[in-house]
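One structure is given below, encoded as structure tokens.
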Amino acid sequence: MGKVLVSRFNGIITSGRIVEVEAYNGIIDKASHAFGGRRTNRNEIMYANGGVAYVYLCYGIHHLFNVITNNKETPHAILIRALEPVIGIDEMLQRVGKTKPDSYRLDNTLTRGPGNLSKALGIFTFHSGTSLGSKELFIADDGFVFPKKQIAVSPRIGVDYAGNDALLPYRFYVKGNPFVSGKPK
DNA sequence: GAGTAGATCCTCT
DNA sequence: GAGGATCTACTCA
């Protein structure tokens, strides 16, 4: 949280500050693809050493971007759910297909929600497995931190099928930030 | 403003 | 052959 996710494809730089994330707690988390130690072609990446990207297609439309966080054989992941745009806003708008020349700089749907932010940064499934130490895709730390008071916790979104695990407080977000998905309070 | 359907395709059973 | 870590637009009130 508070760090900056940067993509640099074809010399075009786009980046955004991370304002909303969800944790997926490995093999004991029903909402995780790795629940019960499941291991498939798709989620094989989750069992790799931390620091790589895990991207997959959801509902046939949306690319969801995760960061693998733990050691080899321990499939923990963080889903990046929302960014606050920093660099390359025009580029991102083009990728999303938004025009709105009048008020587009205030458009907070650009990187709001996991599907949108992946599209905005130009991240697709073939980036799955990319190291976040690469020059194309990485997370930068510019020293900025959100005050603890601004960080809120809640259950995760869109994981109702996971039973009790859907209630776990694994979602973290910046209070009042307009790019956070879900309903503002 | 709230609630719901439709999009759309890869992955696993 | 079914369903999903989602989003948008449209309906109805």
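Proteins come first, then strands; the chains are lettered A, B, ... in the order of their sequence lines, and each starts at number 1.
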Pairing residues for A:Arg42 by the salt bridge (charged side-chain N to carboxylate O under 4.0 Å, His left out) criterion, not counting sequence neighbours: none
With sequence neighbours excluded, residues passing ring-ring contact (aromatic ring centres under 6.0 Å, His included) with A:Phe9: A:His127
Contact state string [nucleotides 7-13 of chain B, B base, S sugar-phosphate only, - no protein heavy atom under 4.0 Å]: BBBSSSS
Qualifying residues under side chain to side chain donor-acceptor pair (under 3.5 Å), relative to A:Asp165, sequence neighbours excluded: none
d(CG, A:Leu117; C1', C:dC7) in whole Å: 13 Å
Within residues 66-73 of chain A, residues whose heavy atoms come under 4.0 Å of DNA chain B: none
A:Arg17: salt bridge (charged side-chain N to carboxylate O under 4.0 Å, His left out) partners, not counting sequence neighbours: A:Asp142
Gap between atoms CG and P, on A:Leu79 and C:dA5 respectively (whole Å): 10 Å
Whole-Å gap separating P (C:dC7) and CG (A:Leu110): 13 Å
A:Arg38: salt bridge (charged side-chain N to carboxylate O under 4.0 Å, His left out) partners, not counting sequence neighbours: none
ILVMFWY clustering at 4.5 Å (side-chain atoms), partners of A:Val86: A:Val4, A:Val6, A:Ile13, A:Ile87, A:Phe138
Dot-bracket notation for DNA chain B, counting Watson-Crick and G-U pairs under 3.5 Å, with | for partners on another strand: |||||||.||||.
Which residues share a salt bridge (charged side-chain N to carboxylate O under 4.0 Å, His left out) with A:Glu73, sequence neighbours left out: A:Arg39
4.5 Å side-chain heavy-atom contact, A:Ile80 and A:Ile18: yes
Nucleotide C:dA5, atom P - distance to CG of A:Asn25 in whole Å: 16 Å
Sequence neighbours excluded, every pair satisfying ring-ring contact (aromatic ring centres under 6.0 Å, His included) that has a member inside residues 62-90 of chain A: A:His63-A:Phe124
C:dA5 phosphate, OP1 or OP2, under 4.0 Å from A:Tyr161 side-chain N/O: yes
Below 4.0 Å: OP1/OP2 of C:dT6 and any side-chain N or O of A:Arg81: yes
Within the 6.0 Å centroid threshold, strictly below: A:Tyr56 and A:His33: yes
Linked hydrophobic residues, A:Leu168 as query - side chain contacts closer than 4.5 Å: A:Tyr170
